[in-house]
Number of protein chains: 2
Amino acid sequence: MATEQTAARVTRRRVRTRARLLDAAFTVFAAKGFGRVSIEEVCEAAGFSRGAFYSNFATLDELFFALYQERADLIAEQVADALALDGPVLDVPASVARVTEVLLLDVDWLLVKTDFLVHAARRPAVAQALLDHRARLRGAIADRLPRAAGHTLPAALGDADGAAHAVVAAYDGVTTQLLLDRDVEAARAWLGHLLTALLTDGSTTPHES
Amino acid sequence: MATEQTAARVTRRRVRTRARLLDAAFTVFAAKGFGRVSIEEVCEAAGFSRGAFYSNFATLDELFFALYQERADLIAEQVADALALDGPVLDVPASVARVTEVLLLDVDWLLVKTDFLVHAARRPAVAQALLDHRARLRGAIADRLPRAAGHTLPAALGDADGAAHAVVAAYDGVTTQLLLDRDVEAARAWLGHLLTALLTDGSTTPHES
DNA sequence: TCCATCGGATACGTGAATGTATCGGATACG
DNA sequence: CGTATCCGATACATTCACGTATCCGATGGA
């Protein structure tokens, strides 16, 4: 829409307060859940009063959306990087290990992310945005998968996009368990097993943990 | 604890109002999300006033827990039945189809279930109860899986319990996508693909949809 | 250095949800 | 048929979050 010139000046102060609000919101959302957080709590955690909030956002939903987009984009980027690290050929086990590390880094993020999922599930517009984001993430994976060395990407999953779909599903599935038992290491191991089981045919068996 | 004799009399009326409250709660929770529902809304939907609620539950959390347990137990039972339908040998594709049907029946239930997940994720005691429930469900699956005819349950998943774990993870993963796109049929197909991919080795390929 | 504009704080009124305390009617039992 | 008990409704006071309107100080340009 408007370039930074025509748009109302965004002072340095403003971007900092906005960032502080977003950070504080992440903390509070992770701790209590989006549904149980008031605008005032976020402001308090950020060290502002409510006026600051209403000057930057119209509603808590809006802030939540901005918060999700910011972090999700960051993670998508990291995943893409993790898959791009190899040369022209993809080393599947190594990539799985790196991606696993990135995706299951922070339980707090998973909490907020799941909160956002149920939030979006009841708001078609938000759901669409989330679907788009997931599609982009899958695209980044699918683009890289065909370069797998020697592997036939065999499974009943169909094409590369199907495989990417399966990867995301495995991630989401492991996330659910992790949210309950909070065992990050076990979750990483599990995700690794699932991904290798899905991405390699039955003949190849992964090394035991 | 107390048998029905020693316990305070439970009149017929009481069980009916309790059931009506739970049903109404399910509807309202599915529509707006647990976090955005007031006690009064539940009572209104059930056709009662708040007095009825406080006479049956101490808090909304308590009602939520009862609601989840009721429905989850019912579904676990249905899954067990679906797997028990075969004779001594398990017909994997048929079982997968039946289980898929049971698990992805109702989007409203998935909404409430996911709400409960994030709810439990922040309350250790509730999380433990949910973990127990999931363990029971996995047990029911793992008990049946070894009877698979001819199949070696090959994958990198380890024993039968590992395979059951994978089944649940696939279910959870597909659920996430379904919550966003609301395409039940696609979700069923996907879950079917994932399960067959996980439970059969690479040599066996499922029929195309 | 002065001034105009902007960002954030404070104060206020409003609506809603909560939990309790009390009341009236139905139900089961003698 | 009477009665004690229990269940659910109503009324009430309190707390809490919201959104707005107004005000003060800071920031950045002239």
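Chain letters run A, B, ... following the sequence lines, proteins first, then strands; residues in each count from 1. Reckoned from all heavy atoms, side chains included, excluding hydrogens, waters and symmetry mates.
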Self-check item: Student check: side-chain heavy atoms of B:D172 and A:Q177 closer than 4.5 Å
Solution: no
Exercise. Grab the CZ-C1' distance between A:R16 and C:dG7 for me, whole Å please.
Key: 14 Å
Quiz item: How many Å lie between CD on A:E40 and P on C:dA9, as a whole number?
Solution: 12 Å
Exercise. Report the distance from atom CG of A:L63 to atom P of D:dC18, rounded to the nearest whole Å.
Key: 12 Å
Quiz item: Considering every strand shown, what is the Watson-Crick or G-U wobble mate of C:dT27 when both distances are under 3.5 Å?
Solution: D:dA4
Self-check item: Nearest-angstrom distance from the residue atom CZ of B:R36 to C1' of C:dA16
Solution: 14 Å
Quiz item: Phosphate oxygens OP1/OP2 of C:dA28: is one of them under 4.0 Å from a side-chain N or O of B:T11?
Solution: no
Quiz item: Should A:N56 be listed as having a side-chain N or O under 4.0 Å from OP1 or OP2 of C:dG7?
Solution: no
Exercise. With sequence neighbours excluded, tell me which residues meet ring pair (Phe, Tyr, Trp, His ring centres under 6.0 Å) with A:F29.
Key: A:F34, A:F64
Exercise. Please say whether more than 12 non-hydrogen atoms of neighbouring residues, nucleotides or ligands are located less than 6.0 Å from CD in B:E44.
Key: no
Quiz item: Where the side chain of B:R50 is concerned, which of C:dG8, D:dA11, D:dG8 is the nearest nucleotide?
Solution: D:dA11
Self-check item: Nucleotide C:dT5, atom C1' - distance to CZ of A:R14 in whole Å
Solution: 13 Å
Practice problem: Ignoring the backbone of A:Y54, work out which of D:dT20, C:dG8, C:dG7 is nearest its side chain. | Solution: D:dT20
Quiz item: Which nucleotide in the set D:dA9, C:dG8, D:dG19 lies at the smallest distance from any side-chain heavy atom of A:I39?
Solution: D:dG19
Practice problem: Please examine the side chains of B:R188 and B:L103, heavy atoms only from C-beta on, and report whether any two atoms are closer than 4.5 Å. | Solution: no
Quiz item: So what's D:dG29 paired with, Watson-Crick or G-U wobble, going by both distances under 3.5 Å?
Solution: C:dC2
Practice problem: In whole angstrom, give the distance that lies between atom CD of A:E44 and atom P of C:dG8. | Solution: 18 Å
Quiz item: Which of these nucleotides, D:dT10, C:dG7, C:dA9, is closest to any side-chain atom of A:R13?
Solution: C:dG7
Quiz item: When we call it a touch if two heavy atoms are under 4.0 Å apart, what does B:S38 touch: a base, just sugar-phosphate, or nothing?
Solution: sugar-phosphate
Quiz item: Do we see a donor-acceptor contact under 3.5 Å between the side chains of B:R134 and A:T176?
Solution: no
Quiz item: A:D61 has an atom CG; how far is it from atom P of D:dC18, in whole Å?
Solution: 11 Å
Quiz item: More 5' along DNA chain C: B:E41 or A:T17, using each one's nearest nucleotide?
Solution: A:T17
Self-check item: G-U wobble or Watson-Crick pairing nucleotide for C:dT18 (cut-off 3.5 Å, both distances)
Solution: D:dA13
Quiz item: Counting just side-chain N and O atoms, does A:S55 come under 4.0 Å of either OP1 or OP2 of C:dG7?
Solution: no
Practice problem: Starting at atom NZ of A:K32, determine the distance to atom C1' of D:dC16, rounded to an integer number of angstrom. | Solution: 12 Å
